[in-house]
Amino acid sequence: MNLRRLAALCRKESYQIVRDPSSILIAFILPVALLFILGYAVNLDSAHIRLGLLDEDGGGAARRLAATLHATPALDVQPLRSRPEMEEKLAHGKIRGAVVIQSGFSRDWVAGQGTVQLLTDGAEPNTANFVAAYVQGAWLRWQQAEGDERAHPITPAIDIRQRFWFNPSAESPNFLVPGTIAIVMTIVGALLSSLVVAREWERGTMEALLATPVSRTELLLSKILPYYALGIAAMLLCLIVAVFVMRVPFRGPLWLLWLMSSLFLANALGMGLFLSTVMRTQFDAAQAALTAGYLPALMLSGFVFEISSMPEPLQWLTRILPARYFASTLQTLFQAGVIPSLLWFNAASLILLGAFWLGQTVRRTRRTLD
């Protein structure tokens, strides 16, 4: 390998990157846009849930319970006048649940009994679970307050004290943003590198390159190194936006983030170059990169959907996806810091998959026109 020749090829490829507006758009504009879209628009937190309240009793205990529900920050309580109105609003999605305080509730409560009915919209199971949890919490607080007023505090049989490890504020962006960065890096690496070899074939410059003494190793390295630098720059931009703009905490060392990003870029660039070598047209290569890289990374990396809840064949399929290991690594570095056993397993998996993709690229690259 001639280093002077390699440097000249890398310089040529760098000029092509600078002169191509789409490369700058994909590397710097698209990552920021995706971070804001997926980091802010996609939110797994349930706040200000619309809850209907039908008070058929009207007694003192019922009014105090209603006040407790109104004071719950996560609930947007809307008074209801009748059961038909409640059913109509539930059917049209105007409320996600309804609490019914039945007639005689205050009298039964004085006698040591008393129940309320909770109806939830099961069409959205996740939201229904949030509604049930918030109402049960409000019901427990109201019981304790009633016991204090009677000088007979009600002590629950089990005292639950919650503590959220790694994400104390329990905010979904702290989990979603690191996973989004893995998706962004998949796009940057696979999509950009999928165009480089195909572009040479389309423009007819590949024949000129093959007529020179350039070796296969020099040719591939000249395509990898500039886009590796571009990928690291995109990773740095994503880190700055996530930490300083979106306020997502980062608890891991920067050198480890660089190392794991480099291993992942070896996978993304290797896959993109392989598709570019096989397809030989930019349109086909870009479509293949989006289909083989972006969609599996979004759906099967554990970024949004828990892998353990997937069917077993899909769980096995996720084992060959580099994005699975990179998303797990980023979520660990952002939220927990360094967990050696997890990070080294992810690193070993990325090394094996990267060797596979780069090996396939080397095998498919020949210094011939056929």
Side-chain angles (χ1 to χ4, degrees), residues 31 34-35 38-39 165-167 172-191 193 224 227-228 231-239 242-243 248-274 289 292-310 312-361:
L34 284 176
L35 275 180
L38 296 179
W165 279 21
F166 311 129
N167 186 9
S172 61
N174 293 344
F175 171 81
L176 292 175
V177 169
T180 302
I181 295 177
I183 307 302
V184 168
M185 295 302 293
T186 301
I187 298 175
V188 172
L191 185 57
S193 60
I224 291 176
Y227 287 97
Y228 166 76
I232 292 297
M235 181 70 226
L236 180 60
L237 176 63
C238 290
L239 178 65
V243 174
V248 178
F250 179 77
R251 298 184 172 91
L254 291 176
W255 69 266
L256 190 54
L257 176 64
W258 166 78
L259 176 63
M260 300 301 292
S261 299
S262 300
L263 294 178
F264 178 73
L265 282 174
N267 287 267
L269 294 174
M271 182 180 67
L273 283 176
F274 172 74
Y294 172 69
L295 291 179
L298 180 65
M299 305 299 295
L300 302 177
S301 65
F303 156 58
V304 176
F305 307 105
E306 182 67 31
I307 293 178
S308 60
S309 63
M310 298 178 183
E312 191 167 348
L314 287 182
Q315 293 185 34
W316 281 98
L317 180 61
T318 63
R319 297 176 185 270
I320 63 173
L321 295 179
R324 168 185 174 170
Y325 305 104
F326 191 50
S328 172
T329 296
L330 290 178
Q331 289 165 350
T332 300
L333 292 177
F334 270 87
Q335 298 186 93
V338 178
I339 302 179
S341 59
L342 177 61
L343 293 178
W344 289 123
F345 173 77
N346 290 341
S349 301
L350 290 174
I351 290 174
L352 292 176
L353 292 172
F356 168 78
W357 284 115
L358 292 175
Q360 291 296 313
T361 302

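Computed over heavy atoms, backbone and side chain alike; hydrogens, waters and symmetry mates excluded. In this chain, numbering begins with 1 at the start of the sequence shown. Every value quoted in this text rests on a predicted model; they were computed, and no experiment measured them.
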Spacing of [atom1] belonging to [X] relative to [atom2] belonging to [Y], to within rounding of 0.5 Å:
{"X": "Ile183", "Y": "Leu298", "atom1": "CD1", "atom2": "CG", "value": "5.5 Å"}
{"X": "Met299", "Y": "Met310", "atom1": "CE", "atom2": "CE", "value": "7.5 Å"}
{"X": "Leu321", "Y": "Ile307", "atom1": "CG", "atom2": "CD1", "value": "8.5 Å"}
{"X": "Leu333", "Y": "Ile339", "atom1": "CG", "atom2": "CD1", "value": "9.0 Å"}
{"X": "Leu350", "Y": "Asn267", "atom1": "CG", "atom2": "CG", "value": "5.5 Å"}
{"X": "Ile232", "Y": "Leu237", "atom1": "CD1", "atom2": "CG", "value": "12.5 Å"}

**OP:** Examine distances only and state if a side-chain atom of Arg251 and a backbone atom of Gln335 form a donor-acceptor pair shorter than 3.5 Å.
**Re:**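 A pair under 3.5 Å: yes.
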**OP:** Please confirm whether the backbone N or O of Ser308 pairs with a side-chain atom of Gln315, one donor and one acceptor, at under 3.5 Å?
**Re:** yes
Original post:
Step by step, would you call Ser193 with Ile224 a side chain to side chain contact (heavy atoms under 4.5 Å, CB included)?
Top reply: CA-CA 8 Å; Ser193 60; Ile224 291 176; over 6 Å; no
Original post:
So Thr318 and Arg324, side-chain hydrogen bond (donor to acceptor under 3.5 Å, both in side chains) or not? Walk me through it.
Top reply: CA-CA 7 Å; Thr318 63; Arg324 168 185 174 170; 2.9 Å; yes
Looking only at heavy atoms, what is the nearest atom pair of [X] and [Y], with distance?
{"X": "Gly189", "Y": "Leu269", "result": "O-CD2, 3.6 Å"}
{"X": "Leu353", "Y": "Arg319", "result": "CD1-O, 4.3 Å"}
{"X": "Met271", "Y": "Ala190", "result": "CE-CB, 3.7 Å"}
{"X": "Leu239", "Y": "Leu257", "result": "CD2-CD2, 3.8 Å"}
{"X": "Thr186", "Y": "Tyr294", "result": "CG2-N, 4.1 Å"}
{"X": "Leu343", "Y": "Gly337", "result": "CD1-O, 4.4 Å"}

**OP:** With the side chain counted from C-beta on, respond yes when Leu330 and Met235 share a heavy-atom pair under 4.5 Å apart, and no when they do not.
**Re:** yes
**OP:** Report the C-alpha distance between Leu317 and Ile320 in whole Å, list the side-chain angles of each, state the deciding distance to 0.1 Å, and finish with yes or no for side chain to side chain contact (heavy atoms under 4.5 Å, CB included).
**Re:** CA-CA 6 Å; Leu317 180 61; Ile320 63 173; 3.8 Å; yes
Original post:
Under 30°, 30 to 60°, or over 60°: which ring-plane class applies to Phe326 and Phe264, parallel, tilted or perpendicular?
Top reply: parallel
Original post:
Does the pair Leu342 and Thr329 meet the rule for a side chain to side chain contact (heavy atoms under 4.5 Å, CB included), with working shown?
Top reply: CA-CA 8 Å; Leu342 177 61; Thr329 296; over 6 Å; no
Original post:
Does the pair Phe175 and Phe334 meet the rule for a side chain to side chain contact (heavy atoms under 4.5 Å, CB included), with working shown?
Top reply: CA-CA 8 Å; Phe175 171 81; Phe334 270 87; over 6 Å; no
